Each structure stands twice: as structure tokens, then as C-alpha cells.
Amino acid sequence: MWGCLSQGRLLSISTKPDPNDAAASARWLVSLNSWGVLKYSLSLSTAFISNSSIPINTISADLGGAPFGNVVSFSDGGSGIPYFYLTNLDPTAKDALKNDKASFTVSEYPLGTCGRKDPMNPTCSKITLTGKLKLVDKKSKEVEFARNALFSKHPEMKDWPKDHNFQFFKLEIENIFLINWFGGPKPLTVEQYFHPKLNNVGFIL
């Protein structure tokens, strides 16, 4: 399968890993979640024209735009790479084509495994993946992988309007920020994330 060949292990991790296993925890969080918050720098033109609900005081003249977060559905198909199905009618995809720097955050809380803990409790895991939001090549095998991953987790996507120009995007991960226990963020490289040690917590698809 494409994910195994180009990035690393294509995994399925069904139970919550030991907090000491940062790579497995990160892959578990991304694999089981179905939505998160995608954040990027919003262009000035988009902020003032396309989305008038954004207050003027959120625009940063120094950065040339304002941080903007949007709830999006996603799937990694077990690969560790978040894939998205976005329309350029939405500022998320529109701005990504101009400035591809983005971050994507998911939390353990929606999975129901945090119990009564507050979402900000360090033992209720959360991860932010930072990198570049890129279009998936329409002629590649990867686009078929992305389509299968997304449409199997989000069947409704198959029926979204064709004239809305939905396209497949992916986050090319450059940095990882993981909190899954007390003591601050866990050190985790991209290489470790894509090649976790199994330690009986998952299996290769």
C-alpha cells in the first residue's frame, strides 16, 4: 500500500498506549480521531472580503494576516498523514494555495477515553502537527489512498457537490507537539512518529 512505501508503518492501534510511548500515543490519537482544528495564517484579502465576521483587530499587520482555525474532518488511513477533502470556496483551502504553512490539532477528549477529566488535563492527550498543507497529486497512487481513507471514515463526503471543486489535501508534517501526561510536551521527531516501535500496541495493516 502507498502509505507503507512512502512514509513508514501503516498502523492500527486500537487501545490507548502507555504514555511513555510517545510515538504510539501520537499515532493512536491521529488514527482514531475523525476531526480536528486546522489553523493557518489568513491572508488580509480573505479576512476582509471573504469572511466579514472576522473582527478587524484580529488582523496582524506584522504577520500579513491573522491566525485562523477551522474545524475539518480528516483521516490518516493508518499512515499517520492527515488527509483532508476541502473546497476552495472555503478560506482554508483557498489560503493554503497561497501560504501552505499550517498546524493541525486533535484531542483525545472526543474519543471518550478521558473519563471525567477536563480536556486541558495533561493526561487527556492532545497533539498539534505543524507543517505544510499540500494538494495531493491527482495522478498519483496517493490520491487513491487519500480517497479511500477519507470516504471510508466519512461516507457523506462521496455525495458532496461536484461543482464545489473539492480536492484532496494532506499535511506534510515538520514538527510535532504532544502532551499525554504531566511534565510538558513529549520529545518526538517526525521520523519516530512515522516509525514507532510496536511494543504490542498495534499491528501493521
Side-chain angles (χ1 to χ4, degrees), residues 3-4 6-41 67-86 92 96 100-134 136 145-146 149-150 153-154 168-205:
C4 274
S6 70
Q7 284 290 352
R9 287 175 171 167
L10 200 62
L11 300 179
S12 176
I13 303 174
S14 57
T15 57
K16 185 174 180 177
D18 187 305
N20 291 318
D21 193 338
S25 294
R27 291 291 294 271
W28 174 76
L29 265 179
V30 173
S31 178
L32 264 64
N33 264 291
S34 60
W35 65 273
V37 176
L38 190 62
K39 190 173 183 180
Y40 59 97
S41 275
F68 181 80
N70 198 7
V71 171
V72 292
S73 297
F74 83 102
S75 177
D76 79 329
S79 70
I81 303 170
Y83 290 99
F84 312 93
Y85 194 46
L86 306 173
T92 306
D100 58 12
K101 293 181 181 179
S103 65
F104 183 59
T105 301
V106 296
S107 167
E108 180 186 347
Y109 196 80
L111 303 180
T113 49
C114 290
R116 296 185 178 182
K117 297 170 186 171
D118 189 88
M120 285 186 66
N121 187 303
T123 64
C124 187
S125 307
K126 63 277 297 173
I127 188 171
T128 296
L129 306 172
T130 305
K132 295 177 180 177
L133 189 62
K134 296 286 191 180
V136 178
F145 181 88
L150 284 161
K153 183 169 273 191
H154 307 279
F168 295 98
F169 287 77
K170 67 177 178 179
L171 185 68
E172 293 185 349
I173 303 170
E174 297 176 346
N175 291 285
I176 299 168
F177 179 87
L178 171 70
I179 298 246
N180 68 346
W181 202 253
F182 300 102
K186 290 289 177 65
L188 182 62
T189 67
V190 175
E191 176 68 17
Q192 291 168 336
Y193 172 81
F194 280 121
H195 299 87
K197 296 178 181 178
L198 293 180
N199 292 335
N200 299 319
V201 298
F203 57 89
I204 301 175
L205 297 175

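Keep in mind that what you see is a predicted model, and the values were worked out from it rather than measured.
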Inset, instruction - Could you go through the side chain to side chain contact (heavy atoms under 4.5 Å, CB included) check for F194 and I173 one step at a time? - result: CA-CA 10 Å; F194 280 121; I173 303 170; 4.1 Å; yes
Inset, instruction - Output, in order, the C-alpha distance, side-chain angles, deciding distance and verdict of side chain to side chain contact (heavy atoms under 4.5 Å, CB included) for T113 and L32. - result: CA-CA 11 Å; T113 49; L32 264 64; over 6 Å; no
Legend entry - side-chain contact (heavy atoms from CB on, under 4.5 Å) partner of F84, the single match among V136, T92, L133: L133
Inset, instruction - Quick one: list whatever passes side chain to side chain donor-acceptor pair (under 3.5 Å) with S75, sequence neighbours left out. - result: none
Inset, instruction - Starting at CG of L188, measure out to CG of L178 and round the result to the nearest 0.5 Å. - result: 6.5 Å
Inset, instruction - Go through T130 and F177 one step at a time and tell me if the side chain to side chain contact (heavy atoms under 4.5 Å, CB included) criterion holds. - result: CA-CA 8 Å; T130 305; F177 179 87; over 6 Å; no
Inset, instruction - Answer yes if the ring centres of F168 and Y85 are under 6.0 angstrom apart, and no otherwise. - result: yes
Legend entry - Value rounded to 0.5 Å, distance of CD in E191 from CD1 in I176: 10.5 Å
Legend entry - Qualifying ring pair (Phe, Tyr, Trp, His ring centres under 6.0 Å) pairs, either residue in residues 105-127, two or more places apart: none
Inset, instruction - With rounding to the nearest 0.5 Å, note down the distance linking CG in N180 to CD in E108. - result: 8.5 Å
Legend entry - All side chain to side chain donor-acceptor pair (under 3.5 Å) counterparts of T123, not counting sequence neighbours: K117, N121
Legend entry - Nearest-0.5 Å distance, OG of residue S25 to CH2 of residue W181: 10.5 Å
Inset, instruction - Step by step, work out the side chain to side chain contact (heavy atoms under 4.5 Å, CB included) result for V71 and V37. - result: CA-CA 5 Å; V71 171; V37 176; 4.3 Å; yes
Inset, instruction - Measure the spacing between CG of D100 and CZ of F169 and express it to the nearest 0.5 Å. - result: 10.5 Å
Inset, instruction - Tell me, yes or no, whether the heavy-atom count around K153 atom NZ, taken from other residues, nucleotides or ligands under 6.0 Å, exceeds 12. - result: yes
